[in-house]
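Chain letters run A, B, ... following the sequence lines, proteins first and then strands; every chain starts at 1. All heavy atoms count here, side chains included; hydrogens, waters and symmetry mates do not. Everything numeric in this text was worked out from a predicted model, so none of it was measured.
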Protein chains: 2
Amino acid sequence: MSVQERKQRERAERERLIVATARELAEQQGWDAVTTRRLAERIEYSQPVLYSHFRGKREIIGAVALEGATEMAAALRAATSAEHTPRARVTALAHAYLDFAERNPAVYDALFQLDGGLTYAQEDTPEPLKDAFAALLECLTDVAGDGIHPGLFTEVFWASLHGLATLTRAGRLLPGDAGQRVRLLVDRLAVA
Amino acid sequence: MSVQERKQRERAERERLIVATARELAEQQGWDAVTTRRLAERIEYSQPVLYSHFRGKREIIGAVALEGATEMAAALRAATSAEHTPRARVTALAHAYLDFAERNPAVYDALFQLDGGLTYAQEDTPEPLKDAFAALLECLTDVAGDGIHPGLFTEVFWASLHGLATLTRAGRLLPGDAGQRVRLLVDRLAVA
DNA sequence: GACCCGATCCTAGCACCGCTAGACAATCGA
DNA sequence: TCGATTGTCTAGCGGTGCTAGGATCGGGTC
């Protein structure tokens, strides 16, 4: 059975290579540049090999999104754990979120802008996505305020961050005042 | 000169037809379905005719966006003008904004998600875009709060609405609690 | 060691995309 | 009436995501 195991291992390794390469290419040149031909060339296999791992380009985007969700959750938790007051934690969370979006635009797009074939806010939502939302929830529950459902508050806060992230990156908002916008948002939304 | 005038008129008319058809097709079947071939077929001209009006598909998207911006500004002003307190105006504004996004998803995408080749937040930003932002600003200035720049406040409020609109439509938020989310947002962000 | 057979991979091609060159027809001014 | 200009179309380029079908390789069996 050792041969089969080796093959399985190699196959899994190649799958990771595909996802990593797609992500790298997307970060370098944008998702438009991630074509099945280019991707196949970079991993040094022919196009159809991609389709033996994923149903199509959409699923590859989805795989990058899941990888990104795990990283984002970790980044958010790391940023908030260093702070000692609820208010400071929320500020750190907001900055960490926007930083992640700015530093990993392609991953952020895969998560929240593109169609990766993933389901959100459902029971069958993949675990990494649920966990990323949980990372937000953990921090934001403390400042939701009395009588406000933490989930609802988290959704609103998250939507605001998402709006800032996407509008800034799309050139709809000038990046200069980002700090002021975060401060205003946290000041108003978070209950002390 | 009458002949030339007639031709100019017909040409302008055809341009309107292109934009209207693109918009209609996008609303019916999504922007992916708006291909130059299909668009040409619908207006009953050949493909190259499109390129005598617009540089390319991107400019067509931009034209739809500008048309949409004008409509959105009008819709926001209409909604807010019926209310008599600042707080009620802001609530009406938020609902009108999200309604517009929900009822005209393709136009909303052209405005804020897709690349229509337009510049935002600059001096050479097209007038309709500036005016749409102005419509938000007019209403939100009253609730920005002391010492807060109305423009900054408007950006943050707008980003929050944009986040809610896009995440909801992309399936990232369930549409059920939309009303509660708006109330929470207005309650916290708007200073009475 | 030779053979079979299944898994694996690639070549070639499909229909479609945005966009454009060049041929052709219609129309205008002289 | 004729030449020039304008307008439109046909045909085609290089690209896209995706797939059918043949070649090749390697493990398991005799």
Side-chain angles (χ1 to χ4, degrees), chain A residues 1-19 21-23 25-26 28-65 106 109-110 114-118, chain B residues 1-19 21-23 25-26 28-65 106 109-110 114-118:
Chain A
M1 292 299 122
S2 167
V3 172
Q4 283 193 9
E5 282 175 13
R6 195 203 69 221
K7 286 200 174 182
Q8 252 184 324
R9 220 168 40 233
E10 287 173 353
R11 206 182 141 71
E13 181 55 38
R14 193 173 63 183
E15 190 157 314
R16 274 193 295 275
L17 177 64
I18 293 172
V19 176
T21 305
R23 175 176 176 171
L25 194 50
Q28 285 172 357
Q29 306 176 234
W31 276 107
D32 279 351
V34 183
T35 69
T36 54
R37 275 173 239 276
R38 251 193 288 262
L39 189 50
E41 196 186 2
R42 285 230 184 173
I43 65 168
E44 296 180 310
Y45 282 94
S46 69
Q47 268 181 296
V49 164
L50 301 175
Y51 293 87
S52 74
H53 288 271
F54 303 95
R55 281 178 196 274
K57 189 181 174 179
R58 175 197 291 201
E59 261 194 15
I60 297 177
I61 295 173
V64 172
D109 280 347
L114 302 175
D115 179 12
L118 304 174
Chain B
M1 294 298 123
S2 167
V3 172
Q4 282 194 8
E5 283 176 13
R6 194 204 70 221
K7 286 201 171 185
Q8 253 184 322
R9 219 167 43 232
E10 286 174 353
R11 207 183 139 71
E13 180 56 38
R14 193 172 64 180
E15 190 156 314
R16 275 193 294 275
L17 177 63
I18 293 173
V19 176
T21 305
R23 176 175 177 170
L25 194 49
Q28 284 172 355
Q29 306 176 231
W31 276 107
D32 279 351
V34 183
T35 70
T36 54
R37 277 172 238 275
R38 251 191 288 261
L39 189 49
E41 195 187 2
R42 284 230 184 173
I43 65 168
E44 296 179 311
Y45 282 94
S46 69
Q47 267 181 296
V49 165
L50 300 174
Y51 292 86
S52 73
H53 288 270
F54 303 95
R55 280 179 196 275
K57 189 181 172 179
R58 174 196 292 200
E59 261 194 15
I60 297 177
I61 294 173
V64 172
D109 279 347
L114 302 176
D115 179 12
L118 304 173

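- Atoms CG (B/L39) and C1' (C/dC16) sit 16 Å apart, rounded to a whole Å.
- For the side-chain hydrogen bond (donor to acceptor under 3.5 Å, both in side chains) with A/E13, the qualifying choice from A/R11, A/R9, A/R16 is A/R16, the only one to do so.
- Taking atom CZ on A/R55 and atom C1' on D/dT19, their separation rounds to 15 Å, with Å as the unit.
- At whole-Å resolution of the value, OH in B/Y51 and P in D/dC9 are 15 Å apart.
- Side-chain N/O atoms of A/Q47 and base N/O atoms of D/dC18 include a donor-acceptor pair closer than 3.5 Å.
- Atom CD of B/E44 sits in a sparse spot, with 12 or fewer heavy atoms from other residues, nucleotides or ligands closer than 6.0 Å.
- OP1 or OP2 of D/dT16 has at least one side-chain nitrogen or oxygen of A/T35 nearer than 4.0 Å.
- Note on A/T36: a side-chain N or O is less than 4.0 Å away from OP1 or OP2 of D/dG17.
- Counting only heavy atoms from C-beta on, B/V49 has its side chain closest to D/dC9 among D/dC9, C/dG18, D/dG17.
- Rounded to whole Å, atom P of D/dG17 lies 13 Å from atom CD of A/E41.
- Here the straight-line distance linking atom CD of B/E59 with atom CG of B/L50 works out to 12.0 Å at 0.5 Å rounding.
- Here the P atom of nucleotide D/dC18 and the NZ atom of A/K57 are 8 Å apart, to the nearest Å.
- Taking side-chain N and O atoms only, A/R14 has a distance below 4.0 Å to OP1 or OP2 of C/dC9.
- Side-chain N/O atoms of A/R37 include one lying less than 4.0 angstrom from OP1 or OP2 on D/dT16.
- Straight-line distance from the CG atom of B/L50 to the C1' atom of C/dC17: 14 Å, rounded to whole Å.
- Rounded to an integer number of Å, the gap from CG of A/D32 to C1' of D/dG17 is 14 Å.
- Side-chain atoms of A/Y45 lie closest to C/dC10 of the nucleotides D/dC18, C/dC10, C/dG18.
- Across all strands, A/R38 comes closer than 4.0 Å only to sugar-phosphate atoms, never to a base (heavy-atom distances).
- Counted within 6.0 Å of CZ on A/R55, heavy atoms from surrounding residues, nucleotides or ligands total 12 or fewer; the atom is thus considered open.
- Atom-to-atom, NE2 of B/H53 to C1' of D/dG7 comes out at 10 Å; the value is rounded to the nearest Å.
- Between A/R38 and A/L25, the shortest heavy-atom distance links the atoms CB-CD2, 4.2 Å.
- Sequence order on DNA chain D of the closest nucleotides to A/P48 and A/A33 puts A/A33 first from the 5' end.
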